[in-house]
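What follows is a set of notes on a single structure, which appears directly below.
Chain letters run A, B, ... following the sequence lines, proteins first and then strands; every chain starts at 1.
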Amino acid sequence: MTVRLTRRNALEASVGALAMAAFGAISPVRAAYDSADLIRKFTGGKAPTEGKVKLDLPEIAENGNTVPMTVAVESPMSEQSYVTEVLVVGDGNPNGGMATFHFTPLSGAAEANTRIRLAATQNITAIAKMNDGSFYTASKQVKVTIGGCGG
Amino acid sequence: MAEIKPRIKLDRKEAKKGDLVEVKALVQHIMETGQRKDAQGQTIPRKILNRFTCTVAGKQVFAADFEPAVSANPYIQFKFKATESGPVVLTWTDDDGSKIVGEEKITVT
């Protein structure tokens with residue numbers, strides 16, 4: 001027995017296919033912000049100065065799943081002059097943001113270490129915000145051999 | 001899941017006033033990014049520890065916001081200035097609102 005292809009049947013079939021295609025296209029949600037946007041939001045449009053920030057990362061990461069990262073900012077960390085926040089972003093991950101560290105004068109040193117995931121070879125940027133409203137930055141490229149996002 | 005116990009290490013238990021004390025902490029957590037898919041092709045929902053704070057004698061000395069780019073079983077290392085004796089409380093906040101808390105003590109002379 002053969003199914004007769006009428007105009008109505010054909011129309012219904014194509015609408016169904018279209019709906020499925022549209023659903024498929026929407027489902028992987030992409031990053032809302034990329035790293036440049038995040039930096040602009042963090043500094044409020046101010047251009048950060050190079051220096052004072054030390055970003056310690058391996059040059060080549062064999063495994064992008066866990067890459068040790070140390071960020072240290074030169075500062076007396078006194079009540080008068082201290083680092084309030086440090087933002088770390090990368091330009092090669094699905095989401096630009098990586099971590100934000102918050103310091104107080106009680107921190108004693110603006111220094112933190114954690115382990116991050118890197119999906120691909122990319123530039124990591126750290127931006128430090130001082131209590132007087134100035135910004136300092138440092139960047140480093142890390143070559144990744146095996147990506148850290150299930151790839 | 002069994003209750004998660006963070007591993008916390010201070011580089012010294014006793015410090016002189018003004019000394020810098022280094023804290024190292026490791027907590028077991030999957031830190032699911034929300035990017036991966038399971039065998040059926042369904043996206044696994046994001047589940048990470050998004051906030052970490054450390055207080056010493058009730059005063060905040062360090063905090064961090066984590067994004068999915070932080071590795072599974074997040075490790076954190078930072079310093080604080082010894083000013084007064086008291087509990088060193090480390091708190092991680094999960095996406096679902098639950099908290100993992102660990103505590104150590106510091107004696108300042």
Side-chain angles (χ1 to χ4, degrees), chain A residues 24 27-31 33 35 38 42 61 63-72 76-79 82-119 122 124 147-151, chain B residues 15 17-27 29-38 41-46 48-84 86 88 92 106 108:
Chain A
S27 54
V29 180
R30 288 282 83 169
Y33 301 103
S35 57
L38 282 164
F42 184 72
N63 181 357
N65 261 316
T66 168
V67 183
M69 170 192 77
T70 306
V71 54
M77 292 306 275
S78 62
E79 292 284 346
Y82 64 97
V83 182
T84 57
E85 280 172 72
V86 177
L87 172 77
V88 183
V89 297
D91 58 9
N93 275 5
N95 291 303
M98 291 185 158
T100 313
F101 303 115
H102 305 265
F103 299 100
T104 75
L106 288 171
S107 304
E111 198 183 313
N113 172 312
T114 189
R115 293 172 190 158
I116 54 174
R117 289 184 177 122
L118 301 175
Q122 59 185 293
I124 316 290
C149 284
Chain B
K17 207 174 162 96
D19 277 3
L20 286 183
V21 182
E22 189 176 67
V23 184
K24 294 176 180 178
L26 187 71
V27 61
H29 196 281
I30 184 162
M31 297 294 273
E32 191 58 63
T33 60
Q35 299 285 338
R36 295 198 307 159
K37 292 192 169 33
D38 63 13
Q42 300 289 317
T43 303
I44 305 168
R46 179 184 129 151
I48 67 164
L49 299 168
N50 57 42
R51 176 87 178 159
F52 168 75
T53 57
C54 175
T55 62
V56 178
K59 295 191 188 84
Q60 183 174 310
V61 296
F62 180 79
D65 296 314
F66 293 149
E67 302 288 336
V70 172
S71 300
N73 303 329
Y75 168 80
I76 184 91
Q77 182 187 329
F78 59 93
K79 287 174 180 161
F80 70 86
K81 197 195 271 175
T83 49
E84 54 184 312
V88 180
W92 289 262
I106 182 85
V108 179

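From B:Gln35, atom CD reaches atom CG of A:Asn93 across 9.0 Å, with rounding to the nearest 0.5 Å. Between the NE2 atom of A:His102 and the CZ atom of B:Phe62 there is a distance of 8.5 Å, given to the nearest 0.5 Å. Interatomic distance, B:Lys79 NZ to A:Ser107 OG, rounded to the nearest 0.5 Å: 11.5 Å. For the atom pair CG of A:Asn113 and OH of B:Tyr75, the computed distance is 5.0 Å after rounding to the nearest 0.5 Å.
Using a distance-only test at 3.5 Å, with no hydrogens or angles considered, a donor-acceptor pair links the side chain of B:Ser71 to the main chain of A:Asn65.
For the pair B:Val56 and A:Leu106, the minimum side-chain heavy-atom distance is 4.5 Å or more. Looking only at side-chain heavy atoms (C-beta outward), A:Asn95 and B:Glu67 stay at 4.5 Å or farther from each other.
The contact between A:Met77 and chain B is made entirely by backbone atoms, counting heavy-atom distances below 4.5 Å. Both the backbone and the side chain of B:Pro68 come within less than 4.5 Å of a heavy atom in chain A. No part of B:Ala82 comes within reach of chain A, as not one of its non-hydrogen atoms sits under 4.5 angstrom from that chain. Proximity to chain B is absent for every atom of A:Val86, based on heavy atoms less than 4.5 angstrom apart.
Across all their heavy atoms, B:Ile30 and A:Arg117 have their closest contact at O-NH2, 3.5 Å. Scanning both residues, A:Gly97 and B:Ala69, for their nearest heavy atoms gives O-CB, 3.8 Å.
Counting heavy-atom pairs under 4.5 Å between each of B:Gly18, B:Ala63, B:Ala64, B:Pro74 and chain A puts B:Ala63 at the top.
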Just distance, no hydrogens or angles: give the donor-acceptor pairs under 3.5 Å from side chains in residues 19-26 of chain B, sequence neighbours left out.
| residue | atom | partner | partner atom | Å |
| --- | --- | --- | --- | --- |
| B:Asp19 | OD2 | B:Arg12 | NH1 | 3.2 |
| B:Asp19 | OD2 | B:Lys16 | N | 3.2 |
| B:Glu22 | OE2 | B:Gln77 | NE2 | 2.9 |

